Amino acid sequence: MDHCADSLPRLRLAEMAAAGADVRPQLRLLMLAEGLAAQPTRRALDLNAETAALCAAVNESVRRRAGWLYFVPAPAPLPVALPRSLWQTTVLCVLRSALPAGRAVVTLHAGRGAAVAVFRVQGVLPGSVPGDTLPLLRRAAALTGGLCVTAVAGCGAGEAGLSPHLAAALRLPLAPRPPLREPPAAGALLQDRYSPLHVLLDGFTV
C-alpha cells in the first residue's frame, strides 16, 4: 500500500494491512470519499492514455469472457485537468455496473475544446450500480467546469419491462497540454492488490 501512504487514514490502513487485516472494505469507502472530495489539479492527465491503461487492466483481471468491455479511444491525446484518483474511481464504478453479466462500452473523442467521454452499460442488474457512480460523474464534470448527462433505466423496482441500462456522457474542457502526467502501467494496476482496480471491483478480479 505504498501508493496509499499520503494521508493519516491511509497510513492507518497500511498499518492494519501490514498486520494481516483485510482493509479493502475500508479502503473502498476511503477511495470513494476521496473521489467525491477531489480538488482541482493544475497538472493535466491524458484521458486517452489513462482510460486505455485502466480498461486494459480491467479486461485482464476481471473473470469474464472477452467482449464484455469495449474501449474506443480518441485518435489523439485528450489533456484534462482531472485528478487521477477521481477518474479511476469514476470509470471503475461505471464498469462495476456491468458486473456480473452486463456489457460496457467506453468511448472517447474530442469535441470543440473538450474531451467527450461516453459510457454505455447494458444488462445492468438491480442493485449493481454503485450508489456513488452518478455523484462521481457529476463531480468530474463540476471540477473541470464541464457538463454531465446521465440516464439510468430498468435497474430498480417498478421499472419492469424497461431494458436495464446505464448511460452517461461527460464533456470536459481540454487543458493546456504540457506537462501531462505519466499514465499508469496496466501491469502496475494488476500487480497491486490495493489498487483501485482490485479494491473497487473486489470479488470480480483475479
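Along the sequence shown, residues are numbered consecutively beginning with 1. Computed from a predicted structure; not experimentally measured. Hydrogens, waters and symmetry mates play no part in the numbers below; they use all other heavy atoms, side chains included.
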Ion pair Glu15/Arg10, N-O distance below 4.0 Å = no
Spatial distance of atom CG (Leu170) from atom CG (Leu147) [nearest 0.5 Å] = 9.5 Å
Arg43 side, atom CZ; Glu182 side, atom CD - distance, nearest 0.5 Å = 8.5 Å
Given the rule that I, L, V, M, F, W and Y join up when any side-chain heavy atoms are under 4.5 Å apart, are Val118 and Leu78 in one cluster?
-> no
Show the numbers, then the answer: is there a side chain to side chain contact (heavy atoms under 4.5 Å, CB included) between Leu95 and Val106?
-> CA-CA 9 Å; Leu95 298 183; Val106 181; 4.1 Å; yes
Should Trp87 and Leu134 be counted in the same cluster of Ile, Leu, Val, Met, Phe, Trp and Tyr side chains packed under 4.5 Å apart?
-> yes
Closest non-hydrogen atom pair, Pro83 against Leu143 | CD-CD2, 3.5 Å
Mind checking the CG-SG spacing from Asp132 to Cys93? Nearest 0.5 Å is all I need.
-> 6.5 Å
Looking only at atom types and distance, does a side-chain atom of Thr89 sit under 3.5 Å from a main-chain N or O of Leu86, one as donor and one as acceptor?
-> no
Please lay out, stage by stage, how Thr107 and Phe71 fare under the test side chain to side chain contact (heavy atoms under 4.5 Å, CB included).
-> CA-CA 6 Å; Thr107 305; Phe71 172 57; over 6 Å; no
Are Val152 and Val91 connected in the hydrophobic side-chain network, where two residues link if heavy atoms are under 4.5 Å apart?
-> yes
Indicate if Trp68 and Val94 have the same hydrophobic cluster label, given that clusters are the connected sets of ILVMFWY residues with side-chain heavy-atom separations under 4.5 angstrom.
-> yes
Side chain to side chain contact (heavy atoms under 4.5 Å, CB included) between Val124 and Val121, worked out = CA-CA 7 Å; Val124 178; Val121 181; 3.5 Å; yes
Can you find a heavy atom in the side chain of Leu13 that is under 4.5 Å from one in the side chain of Tyr194?
-> no
Side-chain donor/acceptor of Ser195 to backbone N/O of Gln191, under 3.5 Å | no
Salt bridge (charged side-chain N to carboxylate O under 4.0 Å, His left out) contacts touching residues 80-99 (sequence neighbours left out) | Glu50-Arg84
Shortest non-hydrogen contact between Ala57 and Ala186, atoms and distance | CB-O, 3.8 Å
To the nearest 0.5 Å, tell me how far Leu108 CG sits from Leu172 CG.
-> 9.5 Å
List the atom pairs, donor and acceptor, that lie under 3.5 Å between side-chain atoms in residues 198-206 and the rest of the protein, sequence neighbours left out.
residue: His198; atom: ND1; partner: Thr205; partner atom: OG1; Å: 3.0
residue: His198; atom: NE2; partner: Leu190; partner atom: O; Å: 2.8
residue: Asp202; atom: OD1; partner: Arg24; partner atom: NH1; Å: 3.4

Report the C-alpha separation of Leu136 and Leu32 in whole Å, then their side-chain angles, then the decisive distance to 0.1 Å, and conclude whether the side chain to side chain contact (heavy atoms under 4.5 Å, CB included) test is met.
-> CA-CA 8 Å; Leu136 284 164; Leu32 292 171; 4.0 Å; yes
Nearest 0.5 Å, what's the SG-CZ distance between Cys148 and Arg139?
-> 13.0 Å
Any side-chain heavy-atom pair of Leu30 and Glu34 under 4.5 Å | yes
Quick one: are Arg12 and Gln26 in side-chain contact, heavy atoms under 4.5 Å?
-> no
Answer yes if Val80 and Leu180 sit in the same cluster of Ile, Leu, Val, Met, Phe, Trp and Tyr residues linked by side chain heavy atoms under 4.5 Å apart, and no otherwise.
-> no
Report yes if some heavy atom in the side chain of Leu45 is under 4.5 Å from a heavy atom in the side chain of Pro79; otherwise report no.
-> no
Within a radius of less than 6.0 Å around CZ of Arg63, do more than 12 heavy atoms belonging to other residues, nucleotides or ligands occur?
-> yes
Mark yes or no for whether Ser61, through its side chain, and Val58, through its backbone, hold a donor-acceptor pair below 3.5 Å.
-> no
Ser128 (side chain) donor-acceptor with Ser97 (main chain) under 3.5 angstrom | yes
Can you see which heavy atom on Ala44 is nearest to which on Pro176, and at what distance?
-> CB-O, 4.4 Å
Closest non-hydrogen contact found for Pro184 with Gln88 is CG-NE2, 3.9 Å
Close side-chain approach of Arg28 and Pro130, heavy atoms under 4.5 Å = yes
Minimum heavy-atom distance between Pro173 and Gly145, given as atom pair plus value | CG-O, 3.8 Å
Check whether more than 12 heavy atoms from other residues, nucleotides or ligands sit under 6.0 Å from atom CZ of Arg193, and answer yes or no.
-> no
Between the main-chain N or O of Pro100 and the side-chain N or O of Arg64, is there a donor-acceptor pair closer than 3.5 Å?
-> yes
CG (Leu36) and CZ (Arg138) are apart, to the nearest 0.5 Å, by 11.0 Å
Test item: Asn48 side-chain N/O and Ala74 main-chain N/O as donor-acceptor pair under 3.5 Å = yes
